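One structure is given here, and the rest of the page talks about it.
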Amino acid sequence: MAGLKRIGVFGGAFDPPHVAHHTLARAAIDQFKLDALHIVPTGSAWHKTRTLSAAHHRVAMAQLAFADLAQAFIDTREIERSGVSYTLDTLQELRKEQPQAQLYLFIGQDQAQSFESWHRWQDILEIAQLVVAQRPSESPDAGQWQNGGLLNVQRLAMPALQVSATHVRQCIAQGQSTDAYLLSQVRRYIDQHRLY
Ligand code: ATP
């Protein structure tokens, strides 16, 4: 199988993109020897109830946040797609564009926990190798995700980082420092555009 292109997909609201997103992306590129990592900001994600910041702001912040990772680029297809957007559609498009590539889908543990509620999740597993990054639980009862019944899931090794975009938005709203969570360029962008 040597020589096959290895393409990763990492989706999220990125509202805003924080240190754990970057750590996950870098670990994905390194551990899975990716030729390219598509960072895919969500459009109208079916599973998020909160109103997201405008897509152009989330794209701009992602461009700043992942700029130093040569293999990563911001893929805006889900934002450009009208209507509800599904990960499966993105993977099917990539499969058509790159029929020979090995596709990897990277998600955090919280997403893994509800993966079996995703639109046509079995079809996702047919197209892409699922890779799960551990994420420290904010709820002490949630415990560790034990793979559910999912077969053939790989793990991404990365340090457990206790950060969420929700917490970062709260810090910003309260005028607190985000030095531990955000790249300074991202914080500057947020302040300039008065987000959150
Ligand atoms: P919010 O708090 O607004 O729900 P979030 O911090 O979970 O946001 P998303 O943009 O929703 O960020 O996440 C994108 C992807 O990154 C998801 O697969 C999520 O599981 C993963 N992720 C986010 N934070 C972490 C973290 N601290 N550790 C590991 N994975 C994470």
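This structure is a prediction, so every number in the text was calculated from the model and none was measured. Atoms within each ligand, like the ligands themselves, are counted from 1 in listed order.
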Please identify which atoms of ligand 1 are closer than 4.0 Å to at least one heavy atom of Gln111. 17 (C), 18 (O), 20 (O)
Which one holds for Ser164 and ligand 1: side chain close, backbone close, both close, or neither close, with close meaning a heavy atom under 4.0 Å? both
Is a side-chain donor-acceptor pair under 3.5 Å present for Arg81 with Thr90? yes
Are any of the N/O atoms in Phe106 less than 3.5 Å from those in ligand 1? no
Which ligand 1 atoms does Gly12 reach within 4.0 Å, using its non-hydrogen atoms? 10 (O), 14 (C)
Can you tell me how far CD1 of Ile29 sits from CG of Asp35, rounded to the nearest 0.5 angstrom? 10.5 Å
N/O of Ala13 under 3.5 Å from N/O of ligand 1, yes or no? yes
Give yes or no for whether the N/O distance cutoff of 3.5 Å, strictly under, is met between Phe14 and ligand 1. yes
Please tell me whether Phe73 and His38 form a close aromatic pair, meaning their ring centres lie under 6.0 Å apart. yes
At the 4.0 Å heavy-atom cut-off, does Asp15 count as touching ligand 1? no
Are the side chains of Val9 and Leu103 in contact, using a 4.5 Å heavy-atom criterion? no
Under 3.5 Å between any N/O of Arg169 and any N/O of ligand 1: does that happen in this structure? yes
Could you tell me, atom by atom, which parts of ligand 1 come under 4.0 Å of a heavy atom of Asp110? 19 (C), 20 (O)
How far does CZ of Arg120 sit from CG of Asp89, to the nearest 0.5 angstrom? 8.0 Å
Gly108 versus ligand 1: do any nitrogen or oxygen atoms come within less than 3.5 Å of each other? yes
Please determine, by modelled atom types, if Asp68 and His22 share a side-chain donor-acceptor pair under 3.5 angstrom. yes
Does the N or O separation between Leu161 and ligand 1 drop below 3.5 Å for any pair? yes
If I compare all heavy atoms of Arg95 with all of Gln100, which pair ends up nearest, and what's the gap? NH1-N, 4.5 Å
Met61 side, atom CE; Tyr189 side, atom OH - distance, nearest 0.5 Å: 7.0 Å
More than 12 heavy atoms from other groups under 6.0 Å of CD on Gln174: yes
When you compare the side chains of Thr166 and Arg169, does any donor N or O come within less than 3.5 Å of an acceptor on the partner? yes
Does even one non-hydrogen atom of Phe10 get within less than 4.0 Å of ligand 1? yes
Need the ligand 1 atom indices (1-based, order shown) with element for anything under 4.0 Å from a heavy-atom of Gln134. 28 (N), 29 (C)
Under 4.0 Å from a heavy atom of Ala20: give me the atoms of ligand 1 that qualify, with their elements. 25 (C), 26 (C), 27 (N), 28 (N)
Which ligand 1 atoms does Leu24 reach within 4.0 Å, using its non-hydrogen atoms? 30 (N)
Is His18 in contact with ligand 1, taking contact as a heavy-atom separation below 4.0 Å? yes
So for ligand 1, is Gly11 a polar contact partner (N or O within less than 3.5 Å, distance only)? no
Distance in Å, Trp118 CH2 paired with Thr87 OG1, rounded so as to fall on 0.5 Å steps: 4.5 Å
